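First the structure, in the form of structure tokens, and then the observations on it.
In the text below, chain A, chain B and the rest are named by the order of the sequence lines, each starting its count at 1. Everything numeric in this text was worked out from a predicted model, so none of it was measured.
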Amino acid sequence: MSENDKNTEIHTAQTNTEEQANAPKESTDQQAAQQTIAEAGAMPASATTAQEAEAAGRVADPQPTAPPVSSTQADGGARTVEDTPRSERDRTPAEKADAVKVQSDAEAAKAAGVEMTKVTVDGVEVEVPKGTLVIEACFRAGADVPYFCYHPRLTSIGACRMCLVSVELEMFGARRESIFTCCTVPVAEGMAIKTRTPEVKKAQNGMLEFLLANHPLDCPICDRGGECPLQNMTVAYGPPTSRFIEEKRHFPKAYPISDYVVLDRERCIQCMRCTRFCEEISGDGQLALLNRGSSTEIGTFFGHDFTSNFSGNTIEICPVGALLSRTYRFAARPWEISSSDSICSKCGNGCNVALQTRLGELVRVNGRTNEDVNEEWTCDRGKFGNYYVNDESRLKHPLMRRADGALHPASWDEALAAVAERITRTKAEFGADAIAGIGSTRCTVEDNYLFGKMLRALVGTNNLDHRMLPHGFEPMQTTIAEIEHFKTIVSVGMKLDWDQPIVYLRVFKAYSKKGANWIKADVVDNTVTEALRAGGADAVLLLPHHLPQDQIDRAKKLCASTGAKLNVLLPDCNSWGAARAGILPDRLPGLTAFREGRAHLDSFWKTPLPTASGLDSDGIFDAVSAGRVQMLYIMGSDPATRFHDTEKARRALEAAPFVVVQELFLTETAKRADIVLPAASFAEKDGTFFNIEGREQKIKQAMPVKGDARPDWRIVADLMGRLGTPVPYFSARDIYREYNRSIPKAEAVAAR
Amino acid sequence: MHEQHQILYKHRFVEGIKGIDVYRNHGGYEAFRKALTMTPEAIIDEVKLSGLRGRGGAGFPTHIKWASVPKNTDQEHYLIINADEGEPGTAKDRDLMNNLPHLLVEGCLIGMLAIRARKCYIYIRGEYAEPWQNVQRAINEAYRAGFIGKNVLGSGMDFDVYTHLGAGSYECGEESALISSLMGERGMPRLKAPSAPLYTVSGAWQKPTPVNNVETIATVVPIINMGGAEYAKIGYGSPRSRGTKLTSISGHVKKPGVYEITLGTPMREVIYDIAGGIRDGHTLKTYIPGGSSTGFMMPEPLDYPMDYEGVVTAGAMLGLGSGGLIVMDETTPIVPVTKRLVDFYHHESCGKCTPCREGLNWLAKIYDRILAGGGRPQDLDLIWDICDNVRGKSFCGLGEGAIVPVMTSIKYFRDEYMSYIKSGRDLVMV
């Protein structure tokens, strides 16, 4: 079931309760309760079939005739608007995500046949897996419980005391009712949980008054204002005014604790979410509580910088504006932001992120929940590293090298005409193989596919590569999420938390929560061999793609013999995509070998393709220096700084008679080009990325394109038109559809 | 006057009882020898017969705590002794550790036998440098004498006793915070059942670790010596409160000090006979029966039995407490006294949970204001409501205990507050 469906489900539950509250006054509480139960029964969350729903209704039937026992019922018809839970709309995205996570966990557990416990929440009967926390049962029943320190991915500590509920339970032979924090207590059979009794309301009110006693009233200048759980809870549950007339606690405002994070200790409510994140999720333990009692504050030890690569997540989980992003600070108010779902462009893990823009500028990157990839976390590289899309030094016009030897602005018409003319001329004079193309691991599958199609079908060359160093392609043998289930994890030659941050989080989870062994090595040596032998089939080996081929081969043999899984991790956001799109000298789209794919593509592209394998990137640069390749077409790649032998790349770029570069910036490569075409960044176009697992994920345009730049596929399509084959593409989607059809059926099936 | 049994303090005033030789001359380590011949179940049964309840304040039956330690596991377990005596008014464990350190060590050994532990940690509060020295010296002597160490008394069992000095936090006397602190973590309380397993099942380092008070574990020695049934005969009050209780009596009495008082002795006798009564020319105004967390109590009724149940029936909010009787005569101004206590709890709050951290901070500020002459009539209702919001909602007992003296002081001495609020001065002229 997709995430959206679950969202809808919860929404339904909420709406039901709202409707119920808005029902005419004469509708008694008992009727309302009955209605709620019936509706809850119809909800797929608690009962999947109509029979079960009926059964739930029958269970509820006797209740109206029973004497009123609970205090809510004793209230009679006194329920006012205040008594209704907050509507779905009032919840912050984080709260919604928490509820969704709880729901999906519960469903997964039920599907896995875990023992269930029946409890009632405000009269709604729900079934939850044994050992579930009461707060999660409340979410499942659609009840609203305020909370600050609780987080579904962190251990519960019961510190904020906000989630107090009244629970009636059979204990020591008598039915007792007591108030406790529902985030720490597991459900027990027959619990009657009440979230809206007068005692609970008084407690919630009191806790909020306490929290606000020392919380500054600077919401108007706080970045959290508008999406702040403390604000929301105060509106929904808090006292209208404070009786606190004393001096509040004071600390220096906006104290920077790293290049990315500022700390405002006055706003901190000591929920310990950030310290628990650092301890339990990122494992660096850099944030800690200092001092005690009312002078408790969050800080780093000895005032060191908060250098964790995951520091940005603490900003997101902070329920107040105590930890703030320095890049987002005063950049926008939450209600001015438009957010679009996309994929991070900084590494191959493929974190699901929300690109948030204001007036066409990227202001913030927030993590999005995807249980299979990043759960809800992002790394700092992704959170703070994507602002390059806003950079003023971005190329806004095509550039052409004129008679004076310098690059000057030009119109698209002029530039594209010059490129098309040069391609035609070079092909006529030197043959198609005098033209070579370098694709990109950062452009989308669509960009790369079209680039490959142009060079293969229109130009007629196989001199096509995207790799900055020679390496093979080993599909990952497990998914990212599966890594956390292995008992032995061996990582070789990587600074995992920096190179593959999300993989690191999974590895750390396995290591810290599930007791896995984690062996770090620099090369595939005896330590690795022994660890894998000991681990057997319950081991996984993580290798970087840049290891020498002989080591990878050795590792492959080793894994095959011990039964361990081998994961070779690629570096860039679309490394897999570029390969799958066929930007390789000897592979067609879908990584199809020439032999199998050519027949299909010949007919599909309606042109005979060149028969011989082309040159790889090393070969291309050698051939340029030797004069065999006369024209280089580089899309979204910077070999002058990123090629494994930069000298060679630079020599080739200098030597090449004609170089075309599609780029965001005037890179070292672009500086050596004859024509530079400005391209749209990942935030300005639609498309598809394949992450290291080969998971297909869509990016979405979040902001208007800067200046005159165009998406890479659009530039290539325009050029194809000028080369005499107009192409009917209006969107990245059209191209993706064609890309899919360009893969021979059998291969497509095998690739799945 | 009721006879006061001297069970723990039988040899308290013997010259040199701190040393192991004198201690052994007075029957020291005989109980341990006897316990070595008993099965763990037999020791627990003996303790059960004696009706021994925790002397640290909560009064939890010791045998239940010990019996809940899992048997037949290969897991190592530890006995933890709570010597983090921080309650204002309570100094009984200090006296015991200073003067009868071997009694504590012997108790630890018997406790370890009962729960099949081989290691014992004595967590002593950081301020107790002298008691720590005494206990450590006693442990060293016991090592040399062969009561601790390898193959103790030929039994084939190895015992170790360690002391651990706290860093000066009242909160670390709360057993779960003590466990955290002992493990080197921040001294904050941890989740208790049903949210987490009992400490007797999974406590420090996820091992079974029952936590016993110093006095409780020392009491085990005479219980083994005289037999549980005999011990259970001692006591004048409730059948569920047996034996004696060390009580440190302080304040405006003629003979302040630490006394061993037989449970069930009427409170009037405790104050007027054992402690010698109120100093001359003055009358009893109020008293705190068992450490500041038990709150103020009025001179009437005073004839109730001082034991776990008696104090509650007399109207105390939190039971017998840890044995720190503070007596105050009519010259005591209550508002500054309460402020002192509030300041103490505010200073000692660990900051984990909202009501205790923010509520006590707020209370401390209100008291500052009232004493500075800025009190308002509505402040009393405000204080009461803050207390009400802390009560039953704080994470551990610290918050619960902190509000008791505040609430009782308002309940009994509202006029003194009103005097402060109206005139900025105290009713009581010293």
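In this structure, chain B has a heavy atom under 4.5 Å from the side chain of A:Leu164, while its backbone stays farther away. Within the 4.5 angstrom heavy-atom criterion, no atom of B:Gln378 approaches chain A. For chain A, the nearby parts of B:Ser169 are the backbone and the side chain; heavy atoms of each come within less than 4.5 Å. Contact of B:Leu360 with chain A is not made at all, since no heavy-atom distance falls under 4.5 Å. The parts of A:Leu289 that come within reach of chain B are both its backbone and its side chain, each placing non-hydrogen atoms under 4.5 angstrom from that chain. Heavy atoms of B:Arg391 lying under 4.5 Å from chain A are absent altogether. Contact of A:Leu212 with chain B is not made at all, since no heavy-atom distance falls under 4.5 Å. Looking at A:Asn205, there are no atoms closer than 4.5 Å to chain B (heavy atoms on both sides), in backbone or side chain. Using a 4.5 Å cut-off between heavy atoms, A:Met272 touches chain B through its side chain atoms alone.
Side-chain contact annotation: B:His346 with A:Ser294, donor-acceptor N/O pair under 3.5 Å present. Remark: the A:Ser166 side chain and the A:Glu168 side chain contain no N/O donor-acceptor pair separated by less than 3.5 Å. Under 3.5 Å, the side chains of B:Ser293 and B:Tyr345 contain a donor-acceptor pair of N or O atoms.
The choice from B:Ser195, B:Gly374, B:Cys356, B:Ser349 that makes the most heavy-atom pairs within less than 4.5 Å of chain A is B:Ser195. Per-residue heavy-atom pair counts under 4.5 Å with chain A were compared for B:Pro355, B:Ala364, B:Cys353, and the maximum is reached by B:Pro355. Comparing A:Gly206, A:Ala288, A:Ser178 by how many heavy-atom pairs each has under 4.5 Å with chain B, the most go to A:Gly206. Each of A:Gly158, A:Ala188, A:Cys149, A:Ala213 has some count of heavy-atom pairs under 4.5 Å with chain B, and the biggest count is that of A:Gly158. The residue among A:Thr296, A:Asn214, A:Val185 with the most heavy atom pairs within less than 4.5 Å of chain B is A:Asn214.
Ring-centre distance between A:Tyr147 and A:Phe139: below the 6.0 Å cut-off. Aromatic ring centres of A:Phe244 and A:Phe210: separated by at least 6.0 Å.
Under the 4.0 Å criterion applied to side-chain N and carboxylate O atoms, B:Asp381 and B:Arg376 are not assigned as salt-bridge partners.
At distances below 3.5 Å, not a single donor-acceptor pair connects side-chain atoms of B:Arg369 with backbone N or O atoms of A:Ile245. Within the 3.5 Å criterion, the main-chain N or O of B:Glu85 finds a donor-acceptor partner in the side chain of B:Arg125. Judged by distance alone, with hydrogens and angles left aside, the side-chain atoms of B:Ser241 form no donor-acceptor pair with the main-chain N or O of B:Ser238 at under 3.5 Å.
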